[in-house]
*Asks:* 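Here it is, the structure in full.
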Amino acid sequence: MAAPFPVIALERPALRVLDQSRLPHEEHWLTIGDLETLEEAIRSLRVRGAPLLGLCGAAGVAIAAERDPGEAAIREAAARIGRVRPTAVELATGAACCAAAVLGQAAEERAAAAWAFCAAYLARRQAEDEAIARNGLTVLPPGDVLTHCNTGTLATGGIGTALGVVRAAFAAGRLARCYVTETRPLLQGARLTTWELVKSGIPAVLLPDTAAAALAASGRVSAVVTGADRIALNGDTANKVGTLGLALAAAHAGVPFFIAAPVSTIDPGCADGSAIPIEFRSAEEVGGFGGQRWSPDGVDAWNPAFDVTPASLIAAIITERGVVRPPYGPGLQALVAHTPAGFGT
Ligand SMILES: CSC[C@H]1O[C@H](OP(=O)(O)O)[C@H](O)[C@@H]1O
């Protein structure tokens, strides 16, 4: 199934993306024809979400190959784009896989091959989301769900990962509403996930991040489901900052906490969560938003964009190729052993 609405378009020689930094009040599309513009769009989260960043990484190679299809230029472009947001493993792997795929072609064919790779990548993403949603229904208990950040169409180009599970559960009559944390400091939940749920006709209940533990303890939700940016081989998972707190609160409340993510989010290079690089962002993002400042100038901030939830707090990891339960090592190893890097299926 294609996405419920478009968020990205491959329009050779450019990539077009819905500028997520302007949502929900303005639907503005960006045309990206050079690496500098792509880097800025990724760094400022105009386009975001680990699975969709994989496509952006591949598109960076395609954009670079239009200008210079030489091997050195393509390799440099892949490495450069892959560094922009270090926690989301798929950004680098999508770029690297596209580069590897096209460097086997004659130089004059590489740009076209890269755009074809991107089209195939997007189609796989959409199919993976569908499979994740189906598999999610096999483990999700009936009842309302709490989710964090944005893991929908805006983050994958398909129906979403955790939000794809929510969409499927709602369609199956398994939940009446989805609770959404605002997800400070960039408000992906309050701005993006609520926007997606409203567009999909799914009742959304927004809550401050600070109310999440109380919600879990209140008995109003039967599960917490989030996405992931990088999953270590032991099941430790990096996701938007605040996820660890949700997992701790869910454990205390006896509510199952699930991760929903494509196999391409699993990083065989990370044995455990301590090996996952965590992106830190500016103090300005914490001291205000949208041009409004609420903290005095000169105040520093500790602003990790992600945190790591230990495998011990995760009830199951829902992927397009099945649901993995603890102990995660053997199951995750088996998944990555049979999947080309950068693709989840
Ligand atoms: C299915 S999206 C995965 C992941 O990406 C988001 O991070 P960001 O908004 O910084 O791109 C968030 O951690 C989602 O859970």
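Just follow the structure's listing: the first ligand is 1, and inside any ligand the first atom is 1.
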*Asks:* Give the atoms of ligand 1, by number and element, whose distance to some non-hydrogen atom of C149 is under 4.0 Å.
*Replies:* 6 (C), 9 (O), 12 (C)

*Asks:* Considering only non-hydrogen protein atoms, determine which one is nearest to atom 1 (C) of ligand 1 and report residue, atom name and distance to 0.1 Å.
*Replies:* T161 OG1, 3.2 Å

*Asks:* Just do the side chain to side chain donor-acceptor pair (under 3.5 Å) check on R230 and T237 with the steps written out, would you?
*Replies:* CA-CA 6 Å; R230 193 182 299 231; T237 297; over 6 Å; no

*Asks:* Pull out every atom of ligand 1 sitting under 4.0 Å from any heavy atom of N150, numbered as shown with elements.
*Replies:*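 Under 4.0 Å from N150, ligand 1 has these atoms: 2 (S), 14 (C).
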
*Asks:* Who gets closest to atom 3 (C) of ligand 1 by heavy atom: A228, A155, A162?
*Replies:*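 Residue with the shortest heavy-atom distance to the ligand atom: A228.
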
*Asks:* Given N239, I132, T226, which one has a non-hydrogen atom that is nearest to atom 15 (O) of ligand 1?
*Replies:* N239

*Asks:* At a 4.0 Å cut-off, with the gap strictly under it, does some heavy atom of L45 reach an atom of ligand 1?
*Replies:* yes

*Asks:* With a 4.0 Å cut-off on N to O distance, would you call E285 and R281 a salt bridge?
*Replies:* yes

*Asks:* Give me the residue, atom name and distance of the protein heavy atom closest to atom 4 (C) of ligand 1.
*Replies:* D229 OD1, 3.0 Å

*Asks:* Do E108 and R110 sit within salt-bridge range, that is, some charged N less than 4.0 Å from a carboxylate O?
*Replies:*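 No, this pair does not count.
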
*Asks:* Looking at R22 and E27, is there a salt bridge between them, counting it only when a charged N and a carboxylate O are closer than 4.0 Å?
*Replies:*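 Here E27 does not pair with R22 in a salt bridge, since their nearest N and O are not under 4.0 Å apart.
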
*Asks:* Under a 4.0 angstrom heavy-atom cut-off, which atoms of ligand 1 come close to K240?
*Replies:* 7 (O), 8 (P), 9 (O), 10 (O), 12 (C), 13 (O)

*Asks:* Which atoms from ligand 1 have a heavy atom of A50 less than 4.0 Å away?
*Replies:*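 Selected atoms, number and element: 2 (S), 3 (C), 5 (O).
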
*Asks:* Heavy-atom contact under 4.0 Å between R85 and ligand 1?
*Replies:* yes

*Asks:* Measure from the ring center of W294 to the ring center of F289 and say whether it is less than 6.0 Å.
*Replies:*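 When the ring centroids of W294 and F289 are compared, they turn out to be at least 6.0 Å apart.
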
*Asks:* Under 4.0 Å from ligand 1, counting heavy atoms only, is it the side chain of Q188, its backbone, both or neither?
*Replies:* side chain

*Asks:* Would you check the N or O atoms of R48, main chain and side chain alike, for any that come under 3.5 Å of an N or O of ligand 1?
*Replies:* yes

*Asks:* Could you tell me which atoms of ligand 1, counted from 1 in the order shown, lie closer than 4.0 angstrom to a heavy atom of G49?
*Replies:* 2 (S), 5 (O), 11 (O)

*Asks:* Would a 4.5 Å heavy-atom cut-off, applied to side chains only, mark I132 and P262 as touching?
*Replies:*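 Touching, per the 4.5 Å side-chain cut-off.
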
